[in-house]
Amino acid sequence: MYADRLSFAKNEFGDTFQDRARVLLIHGPPSLRMVSRCPEFFNPLEIWAWPYIEGLGESVIVVFYQSGGMGNYRMWY
């Protein structure tokens, strides 16, 4: 399972050092992945959701943003 996640993360994000790749490696692919397409009002965003993650509970949502529209996506805290 981890090998599949590692392969997917490398193909999707190019490496495993970005926040999105790390979250994917730990929790698996999200059930929902929304990408913001509104650059006039927001920094580029990705919203990931899982119905349940052990240790975190139900309806887990993680938001990633790209500051200034450039660089790697970072997890919003």
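- Residues L32 and Y65 fall within the same hydrophobic cluster, defined by Ile, Leu, Val, Met, Phe, Trp and Tyr side chains chained together at heavy-atom separations under 4.5 Å.
- How far CZ of F8 is from OG1 of T16: 14.0 Å, rounded to the nearest 0.5 Å.
- Between N43 and Q66, every side-chain heavy-atom pair lies at or beyond the 4.5 Å cut-off.
- Without hydrogens or angle criteria, N72 side chain to Q18 main chain gives no donor-acceptor distance under 3.5 Å.
- Surrounding CZ of F17 are at most 12 heavy atoms belonging to other residues, nucleotides or ligands under 6.0 Å away.
- In this structure, the ring pair (Phe, Tyr, Trp, His ring centres under 6.0 Å) partners of F64, at least two apart in sequence or on a different chain, are W48.
- Of the possible donor and acceptor atoms, one in the side chain of R5 sits under 3.5 Å from a partner among the backbone N and O of I26.
- In this structure, N11 CG and L6 CG are separated by 9.5 Å, a value rounded to the nearest 0.5 Å.
- H27 has its side chain out of reach of V60: every pair of non-hydrogen atoms, C-beta onward, lies at least 4.5 Å apart.
- L45 and M75 are members of different hydrophobic clusters when ILVMFWY side chains are connected at heavy-atom separations under 4.5 Å.
- To the nearest 0.5 Å, the span separating CD on E12 from CZ on R33 amounts to 4.0 Å.
- Residue Y77 is grouped with residue Y73 when hydrophobic side chains (ILVMFWY) are merged at heavy-atom distances under 4.5 angstrom, including chains of intermediate members.
- Under the 4.5 Å side-chain heavy-atom criterion for grouping Ile, Leu, Val, Met, Phe, Trp and Tyr, V62 is connected to L56 within one hydrophobic cluster.
- Shortest non-hydrogen contact noted between L24 and P29 is CD1-CA, 3.8 Å.
- If you chain together hydrophobic residues whose side chains sit under 4.5 Å apart, V63 and W50 never meet in one group.
- Here the straight-line distance linking atom CG of D19 with atom CH2 of W76 works out to 14.5 Å at 0.5 Å rounding.
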